[in-house]
Asks: 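After the structure tokens below, expect a handful of questions from me.
The figures that follow rest on heavy atoms only: side chains count, while hydrogens, waters and symmetry mates do not. None of the values given here were measured: they were computed from a predicted structure.
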Amino acid sequence: MTQTNVAAPESRFLSDIKTLRERARQHIEAGAVTDDYQADRGTVLRLLNEALATEMICVLRYRRHHFMAKGINADPIAEEFMVHATEEQQHADKIAARIVQLGGEPNFSPEGLSTRSHSEYVEAGGLVDMIKENLIAERIAIDSYLEMIRYIGERDPTTRRVLEDILAVEEEHADELSDMLHDQ
């Protein structure tokens with residue numbers, strides 16, 4: 001039986017340990033943002049603050065709809081609105097944490113919140129209109145996150161993962177709202 005020598009894979013793609021250690025000691029005030037960070041940090045922070053505003057508007061809209069939902073079929077839909085509001089708040093928290101990790105400041109200021117948001121705050125009159133407005137907002141969020149993910153690409157894998165995780169939940173929300181709309 002003939003044995004083939006299998007050489008260990010070369011690690012030329014990785015900097016030598018001494019260089020890694022030296023680079024880590026430079027600019028330590030930047031925290032997680034190292035010299036190898038490839039995205040335009042200013043643009044990523046702007047996009048994340050827009051996403052934060054979008055999530056906050058969604059929280060407010062869903063909470064209003066939860067409390068204002070009325071009618072024979074309103075209770076389960078109102079409860080689902082509150083579940084969505086809670087999940088949107090979790091998204092906002094994840095985005096705010098990532099903004100801070102990148103050395104930015106999350107913009108929670110109520111002033112200008114609606115202009116920074118991609119989605120709108122629509123009060124809506126009845127239950128069907130509430131479902132429609134929330135579905136429209138979810139579709140806006142889906143497209144916004146897809147565009148952000150494409151822009152970020154491989155330049156900031158952590159932010160991309162955060163946005164991909166949020167996108168998956170937004171798609172679930174849209175499916176649930178679409179089902180509710182068909183049931184009315």
Side-chain angles (χ1 to χ4, degrees), residues 39-41 43-69 73-102 104-110 112-184:
D40 178 337
R41 203 165 53 88
T43 300
V44 171
L45 290 171
R46 179 183 56 79
L47 292 172
L48 289 174
N49 266 307
E50 289 174 8
L52 176 61
T54 301
E55 295 295 341
M56 295 307 299
I57 290 293
C58 288
V59 168
L60 296 171
R61 188 188 54 258
Y62 271 124
R63 290 185 67 82
R64 175 184 167 78
H65 292 174
H66 165 78
F67 289 109
M68 295 303 294
N73 298 321
D75 286 346
I77 293 171
E79 289 309 311
E80 194 61 34
F81 287 164
M82 186 55 78
V83 169
H84 287 201
T86 301
E87 291 173 343
E88 302 294 353
Q89 183 63 58
Q90 292 168 349
H91 297 167
D93 293 345
K94 287 178 184 178
I95 291 166
R98 183 61 182 156
I99 289 168
V100 171
Q101 193 174 41
L102 289 173
E105 296 181 10
N107 187 348
F108 283 103
S109 174
L113 187 64
S114 63
T115 57
R116 290 189 309 275
S117 171
H118 295 177
S119 66
E120 298 172 297
Y121 179 87
V122 179
E123 292 178 352
L127 197 55
V128 171
D129 287 339
M130 290 177 190
I131 296 168
K132 285 180 181 177
E133 288 303 327
N134 286 316
L135 179 54
I136 289 166
E138 293 295 352
R139 290 172 53 83
I140 290 168
I142 289 166
D143 282 345
S144 294
Y145 286 124
L146 285 170
E147 286 184 25
M148 288 182 215
I149 290 164
R150 278 193 292 271
Y151 169 77
I152 290 170
E154 297 299 318
R155 296 176 299 215
D156 181 346
T158 303
T159 299
R160 186 188 70 240
R161 255 190 327 277
V162 167
L163 297 177
E164 287 171 342
D165 290 346
I166 293 170
L167 172 63
V169 176
E170 302 296 7
E171 289 173 342
E172 289 174 16
H173 289 176
D175 282 344
E176 292 165 357
L177 291 163
S178 181
D179 289 346
M180 285 181 205
L181 197 56
H182 291 313
D183 292 342
Q184 297 303 309

Asks: Surrounding CZ of Arg116 (heavy atoms of other residues, nucleotides or ligands, distance under 6.0 Å), is the total greater than 12?
Replies: yes
Asks: Measure the spacing between CE of Met68 and CZ of Arg63 and express it to the nearest 0.5 Å.
Replies: 14.5 Å
Asks: Please tell me if the side chains of Glu164 and Tyr145 come closer than 4.5 Å, counting only heavy atoms from C-beta onward.
Replies: no
Asks: Should Ile166 and Ile95 count as side-chain neighbours, where that means a heavy-atom distance under 4.5 Å?
Replies: yes
Asks: Let me see the working for Asp156 and Thr158 under side-chain contact (heavy atoms from CB on, under 4.5 Å), right down to the final yes or no.
Replies: CA-CA 6 Å; Asp156 181 346; Thr158 303; 4.0 Å; yes
Asks: Check the pair Leu163, Leu167 against side-chain contact (heavy atoms from CB on, under 4.5 Å), reporting the backbone distance first and the verdict last.
Replies: CA-CA 6 Å; Leu163 297 177; Leu167 172 63; over 6 Å; no
Asks: Determine the minimum heavy-atom distance between Thr54 and His118, stating which atoms define it.
Replies: OG1-N, 2.8 Å
Asks: Do Asn49 side-chain atoms and Pro106 backbone N/O form a donor-acceptor pair below 3.5 Å?
Replies: no
Asks: Taking all non-hydrogen atoms of both residues, which atom of Ala69 and which atom of Met130 are closest, and how far apart?
Replies: N-CE, 3.9 Å
Asks: With distance as the sole test, does Ser117 use its side chain to make a donor-acceptor pair with the main-chain N or O of Leu113 at under 3.5 Å?
Replies: no
Asks: Heavy atoms only: give me the nearest Phe81-Tyr62 pair and the separation to one decimal.
Replies: O-CB, 3.5 Å
Asks: With a 4.5 Å cut-off on side-chain heavy atoms, are Leu102 and Leu48 touching?
Replies: yes
Asks: Kindly give the heavy-atom pair with the smallest separation between Ala174 and Ile142, and that separation in Å.
Replies: CB-CD1, 3.8 Å
Asks: Which heavy-atom pair separates Arg61 from Glu120 by the least distance, and what is that distance?
Replies: NH1-O, 3.0 Å
Asks: Between CZ of Arg98 and CG of Leu45, what distance do you get to the nearest 0.5 Å?
Replies: 9.0 Å
Asks: For Val44 and Ala39, which heavy atoms make the closest approach, and how far apart are they?
Replies: CG2-CB, 3.8 Å
Asks: Would you check if the side chain of Thr115 reaches a backbone N or O of Gly112 as a donor-acceptor pair within less than 3.5 Å?
Replies: yes
Asks: About how many Å separate OG of Ser178 and CG of Asp183, when rounded to the nearest 0.5 Å?
Replies: 9.5 Å
Asks: In Å, rounded to the nearest 0.5 Å, how long is the span from CD of Glu88 to CD of Glu55?
Replies: 4.5 Å
Asks: Answer yes if the side chains of Glu138 and Asn134 hold a donor-acceptor pair under 3.5 Å, and no otherwise.
Replies: no
Asks: Could you grab the distance from atom CD of Glu105 to atom CD1 of Ile99, nearest 0.5 Å is fine?
Replies: 10.0 Å
Asks: How about His65 and Glu133: does a side-chain donor come under 3.5 Å of a side-chain acceptor?
Replies: no
Asks: Please tell me whether Glu80 and His84 have a donor and an acceptor in their side chains that are separated by less than 3.5 angstrom.
Replies: yes
Asks: Below 4.0 angstrom, N of the basic side chain to O of the carboxylate: do Arg160 and Asp165 qualify?
Replies: no
Asks: Quick one: pull up CG in Leu135 and CG in Leu181 and give me the separation to the nearest 0.5 Å.
Replies: 6.5 Å
